[in-house]
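Structure record follows, encoded as structure tokens.
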Amino acid sequence: MSDARKPFPFASFEPAWQARWDAEKTFRTPNPGDADFDPSKPKFFVLDMFPYPSGSGLHVGHPEGYTATDIIGRTKRRQGHNVLHPMGWDSFGLPAEQYAIKTGQHPAITTVANIATFKRQLKALGFGYDWDREIATTDPEFVRWTQWIFLQLYTSYFDEEAGKAKPVAELEAKGWTREQIDAVRLAFVHEAPVNWSPDLGTVLANEEVEEWRSKGHIVERRPLRQWMLRITKYAQRLIDELDPLDWPEGIKLLQKNWIGRSEGAEVDFQIDGHTVTVFTTRPDTLFGATYMVLAPEHPYVAEITTAEQKDAVEAYIKACAAKSDLERGDMNKDKSGVFTGAFATNPVNGEQIPVWIADYVMMGYGTGAIMAVPAHDERDFEFAKKFELPIVQVVQPAGDADWQGYTDPGAAVNSGFLDGLPTAEAKAKIIDWLEQNGKGKRRVQYKLRDWLFSRQRYWGEPFPLTWKDGHHHAVPDSELPLLAPPLDDYKPSGTPEPLLSKARDWVELPDGSIRETNTMPQWAGSCWYYLRYCDPRNSSRFISNEAERYWSGSSAEAKGAGGSPATGMVDLYVGGTEHAVLHLLYARFWHKVLHDLGHVSTNEPFQKLVNQGLILGEDGQKMSKSRGNVVNPDDVVKEYGADALRLYEMFMGPLEQVKPWQMKGVEGVSRFLARVWRVAFEENQAGEWVVSSKIQDVPCSDKALLKALLKVVHETVKKVTEDIARMSFNTAISQMMVCTNAFTAAAVVPLNEFRLLLHVLNPFAPHLSEEIHARLGGSAMLANMDWPTHDEAALVTDELELVVQVNGKLRDKITVGKDADAATVEAAALAAPKVKEQTDGKTIRKVIVVPGRLVNIVAN
RNA sequence: GGCGGCUUGGCGGAAUUGGUAGACGCGCUCGACUCAAAAUCGAGUUCUAACGAGUGUGGGUUCGAGUCCCACAGCCGCUACCA
């Protein structure tokens with residue numbers, strides 16, 4: 001379609017407005033200390049999850065959340081807030097490096113090119129970002145502070161008593177040895193079985209395994225020496241401190257389940273002089289423990305196995321090691337296991353119970369050993385049946401349920417001093433007994449593991465650490481950023497040796513030290529990027545105290561709500577659900593450490609979180625290249641314009657909902673925008689758009705004919721304002737369509753009232769609204785004008801239409817004066833012709849009048 | 001298996017606190033304009049010839065239920081032997 005044939009000339013005015021916003025820095029956000037900073041304005045920090053600038057460019061999923069935050073940001077700005085709405089790039093990551101392996105091109109080069117594409121695409125959508133605050137996690141200045149924060153973790157430990165992080169310097173002062181301190185740092189070296197991917201050439205966090213495996217990569221368990229972050233120390237706070245956050249309950253639950261707190265007890269069993277501790281959430285069933293199971297990797301297995309069982313046990317362990325986690329975790333598969341020949345003593349009754357090893361017990365959770373109570377645990381029940389182990393009832397079910405395999409609470413039986421106690425009381429009593437007799441103790445267990453933080457890849461932040469004589473040391477702050485040297489060959493070696501170790505000159509230092517050659521995972525940058533936006537060019541601190549305090553201050557909204565002050569720094573964070581347990585958990589952890597150390601004043605990073613729903617292809621399937629259902633935003637902008645794309649994505653349905661793309665729907669909103677355009681302009685003989693003769697600068701309120709129009713306009717201002725506040729964008733657009741239809745039908749369009757529509761349309765379709773406003777003689781940009789308020793008086797009508805129901809069914813409608821009292825309304829309702837028909841010959845039992853809404857007559 | 005979400009016309013969806021179910025848009029039908037078509041404008045469009053029926057299914061609470069309660073089914077997502 002040539003521009004002339006397009007329903008309105010978006011292709012010429014959209015880039016012009018974008019250029020003007022750029023040139024005038026319309027969306028620049030002043031910081032405290034700036035000349036144009038106005039301390040009387042409340043702050044509003046609205047954040048998008050910044051994109052990874054992939055080679056394939058922007059996806060239609062990106063503008064969904066970005067348009068939502070843009071609407072909120074533009075509106076808040078016009079409502080008198082100092083709005084921080086920044087954008088940046090999560091630019092470290094595996095794809096750039098894999099591209100480098102193929103082409104030999106340095107990842108920095110591809111990254112710069114990809115960022116340029118993303119930026120061009122985002123600018124073409126007219127988002128009101130403060131581009132002066134743009135950041136990229138790969139910028140040396142950004143890397144510097146990522147490394148600095150890592151060193152904060154490295155030089156801190158978790159003080160159990162205070163429940164917070166403190167500098168290890170305090171321990172040094174108390175005379176702790178280096179070894180003792182190294183054992184408690186929040187960043188520490190640990191040799192453990194990790195998720196190693198030979199074809200990616202790196203280890204992965206537990207949370208990442210599934211993602212890469214589903215992309216076809218191999219991930220196997222392998223013991224390696226790795227850097228870990230002690231996130232487990234924060235498990236309880238990460239659960240508790242979710243409470244005051246305004247997040248979807250589903251996401252909170254997902255995090256809680258991921259952290260996986262369970263309460264129970266550790267119980268000590270004796271095996272040939274060894275003490276083997278098990279963890280159980282059901283210590284009340286201790287009398288029913290008829291055997292014990294150790295994980296195949298359990299350290300005592302070799303020692304306790306008898307000579308007769310040695311071969312079988314070793315064969316089983318070997319078979320388990322060969323199995324991938326996926327195979328091992330397959331629920332449908334039969335239980336397997338081998339008897340060790342050893343017996344353990346049940347501490348509560350002295351019974352000798354056989355000790356088995358089985359792969360349904362994991363070394364990584366609890367103590368790697370369990371007491372098996374087959375009568376009241378599904379897995380143990382299944383295992384006992386298969387291997388014909390004894391099953392002893394110790395819980396009496398509440399109802400008449402079968403006790404075999406009964407796992408719910410009941411009453412203790414066959415349990416000595418616990419008999420008759422309900423499960424909860426039995427638990428408390430047995431734990432007291434265990435503690436008094438030194439045979440166990442109360443224990444809270446979490447599923448969350450420490451965060452495996454090192455990677456062996458090139459395109460990430462190097463660890464700012466060196467090694468000498470087997471000890472690690474921090475690189476001084478003055479030497480940050482520590483940048484990786486360029487390499488000629490980025491190919492993984494297939495061994496766990498980090499890629500950076502190839503750069504001998506870089507690794508070996510003159511004093512005989514060597515550099516740590518691991519790099520950080522992509523999460524590192526995204527753990528704190530939102531902080532950097534607040535003070536992006538600060539070269540002496542990651543964020544100045546002043547900027548930190550200002551952008552952390554409780555938002556006006558939180559204060560106005562009268563509730564507790566906001567605990568999170570960012571007022572609104574919008575992004576996809578896929579980050580529910582990774583980025584959102586990691587960032588909370590870092591923020592808490594920084595808070596504990598006094599670097600940030602809030603306890604949480606993100607006060608309010610909203611998840612946008614996935615946009616599916618036209619076929620209702622997830623968009624993917626292989627299905628051929630991918631929609632490219634560039635094509636949509638070219639055909640229909642940026643405003644149409646923005647508006648369509650908001651009109652599709654509720655932001656949080658999963659919804660399919662429909663190109664016909666884009667046409668629909670494009671037609672709506674064209675209708676708005678044609679209210680203002682008509683084409684003359686020469687094919688030029690000139691101001692429509694319908695547009696008249698006349699007062700509206702005193703003309704009876706225009707009263708209905710006035711009402712619609714003010715309803716629209718009211719509804720759009722409210723709908724933006726509750727992020728119900730689809731209904732706001734629907735209301736603007738109603739308003740536009742009213743203007744289209746009107747013979748005269750009063751200029752001031754039409755401008756009100758442009759005002760509220762502005763955050764949704766910024767280019768079109770500014771263009772029409774300017775062409776109609778508006779001198780200031782809408783973006784710089786105050787947000788309009790509606791006139792309550794314009795909304796009231798003299799008469800109301802009420803619905804009349806008989807026995808709950810709609811039968812008639814009546815019109816009454818707006819101030820009619822209940823008796824008048826009731827009389828009018830009973831007199832309505834269709835109501836008379838329905839009630840004829842019946843007795844009126846009751847009449848319910850809902851003022852302003854309806855009348856229901858109960859008759860029989 | 002566990003947890004979460006969803007289920008309203010031919011389609012996307014609306015109904016904010018229990019009060020006119022189907023706003024708005026798409027599609028479709030008819031009309032105006034046109035030699036004709038596109039575009040645009042206007043009228044109509046839950047089903048049913050009608051009586052009536054109707055928000056996944058069955059029950060309940062209520063004067064009144066898409067909305068609240070109980071049970072069930074289907075679809076989607078996440079998670080997975082967590083002791």
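Letters A, B, ... are given to chains in the order of the sequence lines, protein chains preceding strands, and every chain is numbered from 1. Quantities reported herein were computed from a predicted structural model and do not represent experimental measurements.
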Fill in the blank from the handout: Comparing A:A674 with A:Y446, nearest RNA chain B nucleotide closer to 5' gives the residue A:A674

Exercise for the section: By nearest nucleotide on RNA chain B, pick out whichever of A:G653 and A:I370 is the more 5' one. Expected result: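 This one resolves to A:G653.
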
Any sub-3.5 Å donor-acceptor pair from [X]'s side-chain atoms to [Y]'s backbone N or O?
| X | Y | answer |
| --- | --- | --- |
| A:T423 | A:G410 | yes |
| A:N629 | A:E618 | no |
| A:Q255 | A:A580 | yes |

What interatomic distance, in whole Å, is found between [atom1] of [M] and the corresponding atom of [N]?
| N | M | atom1 | answer |
| --- | --- | --- | --- |
| B:rU79 | B:rA14 | C1' | 34 Å |
| B:rC78 | B:rG27 | P | 33 Å |
| B:rA49 | B:rA65 | P | 27 Å |
| B:rA71 | B:rG25 | C1' | 37 Å |
| B:rA37 | B:rG31 | P | 11 Å |
| B:rG1 | B:rU45 | P | 47 Å |
| B:rG58 | B:rA73 | P | 15 Å |
| B:rU55 | B:rG66 | C1' | 5 Å |

Exercise for the section: Pull up the glycosidic torsion of B:rG9 and say syn or anti, syn being anything within 90° of 0. Expected result: syn

Practice task
Measure from NZ or CZ of A:K335 to the centre of the six-membered ring of A:F383 and say whether it is under 6.0 Å with the direction within 45° of the ring axis.
Solution key: no

Residue [X], side-chain heavy atoms: nucleotide from [options] that is nearest:
| X | options | result |
| --- | --- | --- |
| A:Q662 | B:rC11, B:rU20, B:rC63 | B:rC11 |
| A:T744 | B:rA14, B:rG42, B:rC24 | B:rG42 |
| A:M362 | B:rG13, B:rU79, B:rC81 | B:rC81 |

Looking at [N], I'd like to know if its phosphate oxygens (OP1 or OP2) sit under 4.0 Å from a side-chain N or O belonging to [X].
| X | N | result |
| --- | --- | --- |
| A:N730 | B:rA14 | yes |
| A:Q735 | B:rA23 | no |
| A:R675 | B:rC41 | yes |
| A:R671 | B:rG27 | yes |
| A:N856 | B:rU20 | no |
| A:R811 | B:rU20 | no |
| A:T577 | B:rC78 | no |

Handout entry: Dot-bracket summary - RNA chain B, pairs being Watson-Crick or G-U whose distances fall under 3.5 Å, with | when paired to another strand
Key = (((((((..(((......[....)))((((((.......))))))((....))..(((((..]....))))))))))))....

Problem - A:E722/A:K718 ion pair, N-O < 4.0 Å - result: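 Here A:E722 pairs with A:K718 in a salt bridge, since their nearest N and O are under 4.0 Å apart.
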
Practice task
Look at the side chain of A:S734 and the base of B:rA23, then say whether one donor and one acceptor between them are separated by less than 3.5 Å.
Solution key: yes

Exercise for the section: Using only heavy-atom distances, decide whether a donor-acceptor pair under 3.5 angstrom links the side-chain of A:K664 to the base of B:rC11. Expected result: no

Exercise for the section: Answer yes if the side chains of A:T716 and A:Q735 hold a donor-acceptor pair under 3.5 Å, and no otherwise. Expected result: yes

Would you be so kind as to tabulate the donor-acceptor pairs closer than 3.5 Å made by side chains of residues 664-676 of chain A, with sequence neighbours excluded?
residue	atom	partner	partner atom	Å
A:R675	NE	A:N741	OD1	3.2
A:R675	NH2	A:N741	OD1	2.7

